Enquirer: 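One structure follows; several queries about it will come next.
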Amino acid sequence: MEITKDIRYVGVNDHDIDLFEGQYVVPEGMAYNSYVIVDEKTAVMDTVDGHFTEEWLGNIASVLGEVKPAYLIMQHMEPDHSASVAAFLEKYPETTVVASAMAFNMLKNLYGADIAPLRQIVKEGDVLDLGTHKLKFVGAALVHWPEVIMTYDETDHVLFSADAFGKFGALDCEDDDWACEARRYYFGIVGKFGAQAQAVLKKAAALSIDVICPLHGPVLSENLSYYLDLYNTWTKYEVESEGIALCYTSVYGNTKKAVEYLAEKLEEKGVEVHVSDLARCDMAEAVEDAFRYGTLILATTTYNGDMFPTMKHFINELLDHAYQNRRIAFVENGTWGPMAAKKMRAMTECMKNITYADHQVTVTGGLNDASRAQIEALAEELA
């Protein structure tokens with residue numbers, strides 16, 4: 001794939017993977033992106049997952065022929081981008097590896113001390129001259145590992161953005177909605193580090209960018225303001241869409257009936273509601289929805305004097321990803337001693353800038369006139 005006259009895509013698609021990073025369901029696979037900049041001194045941008053080393057080296061050879069690359073630029077040391085370094089240097093032993101100081105420490109820890117005898121440490125603002133192309137390095141610590149450094153090609157106005165602007169899915173799969181899987185990817189992988197990602201966006205605003213080349217997902221070359229605006233919203237933990245995420249667990253179906261009744265009343269009032277059964281859905285999808293909308297309803301059963309375990313897991317996921325700036329409402333069920341709402345509130349009170357709905361719903365077993373009235377009052381408040 002040609003990115004510009006001198007920049008080629010040499011990445012690979014992974015359709016064998018079922019869980020990315022051991023937890024994220026990826027039914028459409030994953031792309032591990034790598035790029036070659038052909039110049040007086042040729043540079044390769046990052047490597048790929050070790051299962052695809054030979055395919056990747058073949059892609060590079062098809063672009064370079066007999067040309068030996070001068071540089072291997074390692075922006076991010078996570079193994080899905082660094083695992084093929086040793087094989088690359090075995091084939092191209094005279095290549096200088098370019099990375100941040102911390103990246104070289106990680107390289108040693110992951111693959112051994114002598115894996116890259118030729119090395120060049122770079123930092124924020126350094127420039128690597130390839131001949132025609134001048135590569136300026138942009139510090140991106142904790143987006144989402146601490147060693148990350150992005151690369152800006154001043155000649156072709158291309159930002160090699162490491163894991164930022166990435167998404168789930170292989171590149172040979174049809175995808176009409178970049179935002180859905182990019183949002184799930186961002187909040188799952190990067191979302192805890194919104195402040196750091198926001199700092200990088202401010203640096204990017206000072207650059208003239210025509211193309212963004214991430215380490216996962218498609219190359220972005222049109223309507224860049226759309227992607228930048230979404231990232232700006234996500235990194236600030238702002239509300240993206242009007243609506244409500246309604247996340248629940250139910251043991252015998254009574255809490256589910258309460259949730260369905262609440263969703264019905266909200267939709268009658270014109271509110272978009274996205275309902276997730278936490279025991280059955282992709283948890284990352286539920287986390288994505290919680291961040292997308294401005295209001296989150298948590299509905300669960302009292303269980304062993306606490307909340308149902310799956311709900312506790314979900315709230316922990318939100319805490320781990322720095323959930324904030326939202327409104328939360330509670331629906332609880334408890335036949336003889338409802339405690340779930342109290343426990344849920346206690347878990348969420350350490351979140352930043354959370355407001356709570358005035359109305360709370362308590363179901364004591366099955367729905368009755370009293371709990372239906374509570375649901376209607378909550379729907380009225382949230383709408």
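On a predicted model such as this, the values are computed, not experimentally measured, just so you know. Only this structure's heavy atoms are used, side chains among them; waters, hydrogens and symmetry mates stay out. Residue numbers start at 1 and run along the sequence shown.
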Enquirer: Do you see a donor-acceptor pair shorter than 3.5 Å between the side chains of Q75 and D46?
Expert: yes
Enquirer: Go through the side-chain N and O atoms of H81 and D49 and say whether any donor and acceptor fall under 3.5 Å apart.
Expert: no
Enquirer: Quick one: NE2 on H274 to CG on L296, what's the gap to the nearest 0.5 Å?
Expert: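 It is 13.0 Å, given to the nearest 0.5 Å.
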Enquirer: Strictly by modelled atom types, are Y293 and E272 linked by a side-chain donor-acceptor pair under 3.5 Å?
Expert: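 Result is yes, a qualifying pair exists.
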Enquirer: Consider only side-chain heavy atoms of I, L, V, M, F, W and Y, link residues closer than 4.5 Å, and tell whether F308 and L246 are in one cluster.
Expert: no
Enquirer: Counting C-beta onward and ignoring hydrogens, is there a side-chain heavy-atom pair between W56 and Y32 closer than 4.5 Å?
Expert: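 Not touching, per the 4.5 Å side-chain cut-off.
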Enquirer: Please say whether more than 12 non-hydrogen atoms of neighbouring residues, nucleotides or ligands are located less than 6.0 Å from OH in Y356.
Expert: yes
Enquirer: When you look at CD of E381, are more than 12 heavy atoms from neighbouring residues, nucleotides or ligands closer to it than 6.0 Å?
Expert: yes
Enquirer: Quick check against the 3.5 Å criterion: does D39 have a side-chain atom that pairs as donor or acceptor with the backbone of H133?
Expert: yes
Enquirer: So, D18 side chain and V26 main chain: donor-acceptor pair closer than 3.5 Å or not?
Expert: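 Such a contact is absent between D18 side chain and V26 backbone.
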Enquirer: Say whether T310 and T249, considering side chains only, have a donor N or O and an acceptor N or O under 3.5 Å apart.
Expert: no
Enquirer: Please determine whether the number of non-hydrogen atoms from other residues, nucleotides or ligands lying under 6.0 Å from atom NZ of K91 exceeds 12.
Expert: yes
Enquirer: Looking at OG of S371 and NZ of K257, how far apart are the two atoms once the value is rounded to the nearest 0.5 Å?
Expert: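 Reported to 0.5 Å precision, the distance equals 11.5 Å.
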Enquirer: Under 3.5 Å, is there a donor-acceptor pair between the side chain of R119 and the main chain of P117?
Expert: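 No, because the side chain of R119 does not come within donor-acceptor range (under 3.5 Å) of the backbone of P117.
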Enquirer: Counting N and O atoms only, with roles assigned by atom type, does the side chain of D126 sit under 3.5 Å from a partner on the main chain of K123, one being a donor and the other an acceptor?
Expert: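 At least one qualifying donor-acceptor pair exists.
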Enquirer: Linking I/L/V/M/F/W/Y whenever any side-chain heavy atoms sit under 4.5 Å apart, do V251 and M339 land together?
Expert: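 As far as the 4.5 Å side-chain criterion goes, M339 and V251 are not connected within one cluster.
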Enquirer: Within the 3.5 Å criterion, strictly below it, is a donor on E332 or T362 matched to an acceptor on the partner's side chain?
Expert: yes
Enquirer: Please determine, by modelled atom types, if T355 and R327 share a side-chain donor-acceptor pair under 3.5 angstrom.
Expert: no
Enquirer: Could you tell me whether the side chains of E238 and N232 share a donor-acceptor contact shorter than 3.5 Å?
Expert: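 No, because no side-chain N or O of E238 sits under 3.5 Å from a partner of the opposite role on N232.
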Enquirer: Measure the CG-CE distance between N316 and M311 for me, rounded to the nearest 0.5 Å.
Expert: 12.0 Å
Enquirer: In Å, rounded to the nearest 0.5 Å, how long is the span from OG1 of T295 to CD1 of I244?
Expert: 5.0 Å
Enquirer: Does the pair R184/D282 count as a salt bridge with the N-to-O cut at 4.0 Å?
Expert: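 Yes, charged N to carboxylate O under 4.0 Å.
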Enquirer: For the residue pair E288 and Y186, confirm or rule out a side-chain donor-acceptor distance under 3.5 Å.
Expert: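 E288 vs Y186: no donor-acceptor pair found between side chains.
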Enquirer: Which one of Y227, Y231, Y185 satisfies the ring-ring contact (aromatic ring centres under 6.0 Å, His included) criterion with F165?
Expert: Y231
Enquirer: Taking F88's backbone N and O only, do any of them form a donor-acceptor pair with E90's side chain (distance below 3.5 Å, no angle check)?
Expert: no
Enquirer: Any luck finding a side-chain donor-acceptor pair between T301 and Y252 under 3.5 Å?
Expert: no
Enquirer: Distance from E147 atom CD to M106 atom CE, nearest 0.5 Å?
Expert: 4.0 Å
